[in-house]
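Structure first, then comments.
Quick note on labels: first sequence line is chain A, next is B, and so on, each numbered from 1. All values reported here derive from a predicted model rather than from experimental measurement.
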Amino acid sequence: MSSLPESSLLPLTRDFYQRDTVAVANDLLGCWLVREVDGALMGARIVETEAYCGAHDSACHAHRGLTTRTAAMFGAPGHAYIYLVYGMHWLFNIVTEPEGSPCAVLVRAVEPVLNEQAMRERRLTPGKQLSNGPGKLTRALDVDKALYGHDLTRAERLWICAGSHDIPIASGPRVGIDYAEPHDRDAPWRFWLEGNPWVSKAR
DNA sequence: CAATTGATCCAC
DNA sequence: TGGATCAATTGG
């Protein structure tokens, strides 16, 4: 396990996010997700993402248009799009592409690096893996609707730093989108670091 | 395999 | 305004 590069707790800037969603989903792998709660830092490496590519992507929530829930996706890139699924799990997404183009990257899994102890304390089910899934990582990092629309380009509460990896990127269809049209269901827009044990097991 | 769980969305 | 749905997780 590598440590957080101390040179940069600097957030990625808005131009990083204001790009093609699939490119951002790839480039986020290896980056650091940093969470600050009451002055204490937690840090985790992003190892799995999915791209949700706007109004024409029938798997993307924005396919149904602008609603209260999806408003953040229609806004400026580099902000958090967070929502509740199955009445239980908060899922953390990052808005991409220029304002008005409702796209986002779902962060599906992270590898704990900094202050793993604090993350472990957030989990209420003992003995379970810490954060190898989209609902688990939000629990571990205390991410919920309070951070809806949060600007990730400032070093406050929640942000993302440049990272690196020397592992091949694998790709495949996105998880849990059986409702989408076949063309979108089959698109290989899930990305992960090959062989990383923190990658989710859901299929 | 099914239960869980509640906000959201849309047809009525 | 009611009923189906859901970017998941857990324990059988």
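- Of the two residues contacting DNA chain B, namely A/R69 and A/M88, the nearest-nucleotide position lying further toward the 5' end is that of A/M88.
- The closest donor-acceptor contact from the side chain of A/R14 to the backbone of A/P77 lies under 3.5 Å.
- Rounded to whole angstrom, the span from the CZ atom of A/R64 across to the C1' atom of C/dA4 amounts to 11 Å.
- Comparing C/dG2 with B/dT5, their P atoms are spaced 22 Å from each other, to the whole Å.
- At a threshold of 4.0 angstrom between heavy atoms, the contacts of A/F92 with the nucleic acid are absent.
- Screening A/L158, A/L141, A/L106 for a side-chain contact (heavy atoms from CB on, under 4.5 Å) with A/F92, the sole residue that qualifies is A/L158.
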Bracket notation of DNA chain C in which parentheses pair within the strand, [ ] cross earlier pairs, and | pairs with another strand (Watson-Crick or G-U, under 3.5 Å): ||||||.||||.
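- Atom NZ in A/K136 sits roughly 16 Å away from atom C1' in C/dA7 (whole-Å rounding).
- Regarding contacts with the backbone of C/dA7, every side-chain N or O of A/R190 stays at 4.0 angstrom or more from both OP1 and OP2.
- Rounded to an integer number of Å, the gap from A/Y179 OH to B/dT8 P is 16 Å.
- Just one of A/D57, A/D184, A/T49, A/D186 meets the side chain to side chain donor-acceptor pair (under 3.5 Å) condition when paired with A/R174; it is A/D57.
- Proximity note for A/Y86 (side chain, C-beta onward) versus C/dA8, C/dA7, C/dT10: the nearest is C/dA8.
- Between the CG atom of A/D178 and the P atom of C/dT5 there is a distance of 13 Å, rounded to whole Å.
- In this structure, NZ of A/K128 is placed 18 Å from P of C/dA8, rounded to the nearest angstrom.
- In terms of phosphate contacts, A/K145 brings no side-chain nitrogen or oxygen within less than 4.0 Å of OP1 or OP2 of B/dA7.
- Counting non-hydrogen atoms under 4.0 angstrom, A/R174 reaches nothing in the nucleic acid.
- Each of C/dA7, C/dT10, B/dA7 was ranked by its minimum atom distance to the side chain of A/L84; first place goes to B/dA7.
- Not a single donor-acceptor contact under 3.5 angstrom links the side-chain atoms of A/Y83 to the base of B/dA7.
- For an aromatic pair to be called close, the ring centres must be under 6.0 Å apart, and A/Y52 with A/H61 fails this.
- Rounded to an integer number of Å, the gap from A/K201 NZ to C/dT10 C1' is 15 Å.
- Rounded to an integer number of Å, the gap from A/W90 CH2 to B/dT8 C1' is 11 Å.
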